[in-house]
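Below is one structure, written out as structure tokens; comments come after it.
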Amino acid sequence: MEYQYKELFRQNLVEWFNKEKRDLPWRRTSDPYKIWVSEVMLQQTRVDTVIPYYNRFLKKYPTLQSLAYAPQEELLKMWEGLGYYSRARNLQAGVKEVVEKYDAKVPDNRHDISKLKGVGPYTAGAVLSIAYNKAEHAVDGNVMRVLSRALHIKEDIALPKTRKIFEQAVDMLIDPQRPGDFNQGLMDLGAMICTPTSPKCLLCPVRDYCIAFQEGDADQLPIKTKKIKNKKIKYDVYVGYDENGRYLLEKRPDEGLLANMWQFPMIEISKESVLKSSDEFQLNYNVDIMDFVNDNLLTFKHVFSHLTWEMNCNLVKIVKATDLPENVCFYSKEQINQLPMPVPMLKILNVLN
DNA sequence: TAGCCGTGGAT
DNA sequence: TATCCAAGGCT
């Protein structure tokens, strides 16, 4: 790869970073564990969203050991609202492996750290460069956007194989003396200056070394093709309570969407549905509805990354059954507040107050 | 490989 | 309102 501004790009980026970098909680520590936690939380998640979660999480789990053996329900509750809940499970599994296999020392080399659950090529490079000052690439969306412009790389960043090109570019450019500052500089530049739309090129510390700025096509890069199809699913939700005012809740399976999170029972409405959803509810959950208190408690859509739930919620009074299915139980409101629930269920919970 | 896996903010 | 997307990883 030919690029005549390598030294100038590197030097100006690191100088800019040291002057303009944001004051973030995970930049006030050199603890590899805490930096690891921040990197996992930051996956596909905005800085402003992460900050309060990060602070709360590390107050609860200040050490590897404190997280390694925490109850999963408590862990998920700490993660509630952050999304991508498998990150929490994988982080705990990885932390547990570090405690048991690496004597509670986060590995300082790519080979070992990459084997940890939830640690991919980006997170490995981020922890190694920031916490251990290793000259390792950490290619995320910011880095691909910045370097696609600076180096005029027109490969489709939606394709997984394209990441290798940017890893090679970082390997060429990275400051061997200050790799952590270099990598974070690329990310801050991408977040603050070299933004997806309307990049602030006039404020950019490396615009003189940016080919896209010279060509005037920075706003055309990066090239990204993939688009997502969003499937819609309709549900009737049954918010059922017994004579003691306790609500019927169900724990989701331990794999897939919202794994191990709690929800009000939901019946999918499809073209193949034969029974009325209320009959299906009573059959599946082995309960009897005494009363339809409100068949239009709340109607709303909840959009996930790849699908949409269209929810119609019914408030029903039900007769307590003698043998509920496994993972289904009545809970008081106080107990419900201790259970990890996804945002659409929190929306429903809100209207009950 | 491409689809799965959350959420809330920006445009 | 619709679309895109933000410090990705797993299968």
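This one's a predicted model, so the numbers in the text were calculated from it and none came from an experiment. Convention: sequence-line order gives letters A, B, ...; per-chain numbering from 1. We use all heavy atoms of the structure for the numbers below, so side chains are in, but hydrogens, waters and symmetry mates are not.
The nearest pair of heavy atoms linking A:M341 to A:L349 is SD-CD2, 4.0 Å.
Taking the six-membered ring where the residue is Trp, A:Y209 and A:Y5 present tilted rings, their angle falling between 30° and 60°. Aromatic ring orientation, A:Y61 versus A:F57: perpendicular (interplanar angle above 60°, classes split at 30° and 60°).
Base contact: A:R22 has a heavy atom under 4.0 Å from a base atom. As judged by a 4.0 angstrom heavy-atom cut-off over every strand, A:T123 is placed among residues touching the sugar-phosphate backbone only. Contact annotation for A:W79: no contact, since no heavy-atom pair falls under 4.0 Å across all strands. Among the protein residues, A:V47 comes within range of the nucleic acid bases, having at least one heavy atom under 4.0 Å from a base atom. Among the atoms of the strands shown, base atoms are found under 4.0 Å from some heavy atom of A:L24. In this structure, A:R27 reaches the bases: a heavy-atom distance under 4.0 Å links it to at least one base atom across the strands shown.
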Nucleotide N/O to protein N/O under 3.5 Å, stretch nucleotides 2-4 of chain C:
none

Problem - Derivation and outcome, salt bridge (Lys or Arg N to Asp or Glu O under 4.0 Å), residues A:R10 and A:E7 - result: CA-CA 5 Å; A:R10 170 191 296 168; A:E7 304 286 350; 3.4 Å; yes
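Between A:R163 and A:E167 there is a salt bridge, since at least one side-chain N of the basic residue sits less than 4.0 Å from a carboxylate O of the acidic one. Salt-bridge formation is detected for the pair A:R110/A:E136: a Lys NZ or Arg NE/NH1/NH2 atom is positioned less than 4.0 Å from an Asp or Glu carboxylate oxygen.
Here C:dC5 presents its C1' atom at 15 Å from CG of A:L42, a figure rounded to the nearest Å. At whole-Å resolution of the value, CG in A:N230 and C1' in B:dA2 are 16 Å apart. With rounding to whole Å, A:R163 atom CZ is found 9 Å from C:dG8 atom C1'. Summarising the geometry, the separation between CH2 on A:W309 and P on B:dC5 is reported as 10 Å, rounded to the nearest angstrom. Protein atom NZ of A:K115 is 18 Å distant from nucleotide atom P of C:dG9, rounded to whole Å. Atom pair A:K231:NZ and B:dG3:C1' shows a separation of 12 Å (rounding to whole Å applied). Rounded to an integer number of Å, the gap from A:L76 CG to B:dC5 C1' is 14 Å. Going from atom CD of A:E80 over to atom P of B:dC5 covers 19 Å, rounded to whole Å.
Nucleotides of DNA chain C nearest to A:E39 and A:G118 differ in position, and the one nearer the 5' end is that of A:E39. Nearest-nucleotide assignment on DNA chain C puts the 5′-proximal partner with A:A191, out of A:L116 and A:A191.
Closest approach to the A:P121 side chain among B:dT1, C:dG9, C:dG8 is made by C:dG9 (side chain taken as heavy atoms from C-beta onward).
Within the 6.0 Å centre-distance limit, the rings of A:F304 and A:H302 are counted as a close aromatic pair.
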Completion exercise
Heavy-atom contacts, protein to nucleotides 6-11 of chain B, under 4.0 Å, summarised as B (base), S (sugar-phosphate only) or - (none) per nt, yield BBB---
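Taking the C1' atom of each, B:dT1 and C:dA6 are spaced 23 Å apart, rounded to whole Å. Comparing the C1' positions of B:dG8 and C:dT1 gives a spacing of 16 Å, expressed to the nearest Å.
Counting only N and O atoms by type, the side chains of A:T299 and A:N312 include a donor and acceptor under 3.5 Å apart. In summary, the side chains of A:Q43 and A:T123 do present a donor paired with an acceptor at a separation below 3.5 Å, with no hydrogens or angles considered.
The cluster map of Ile, Leu, Val, Met, Phe, Trp and Tyr, joined by side-chain heavy atoms under 4.5 Å apart, puts A:L248 and A:I348 in different clusters.
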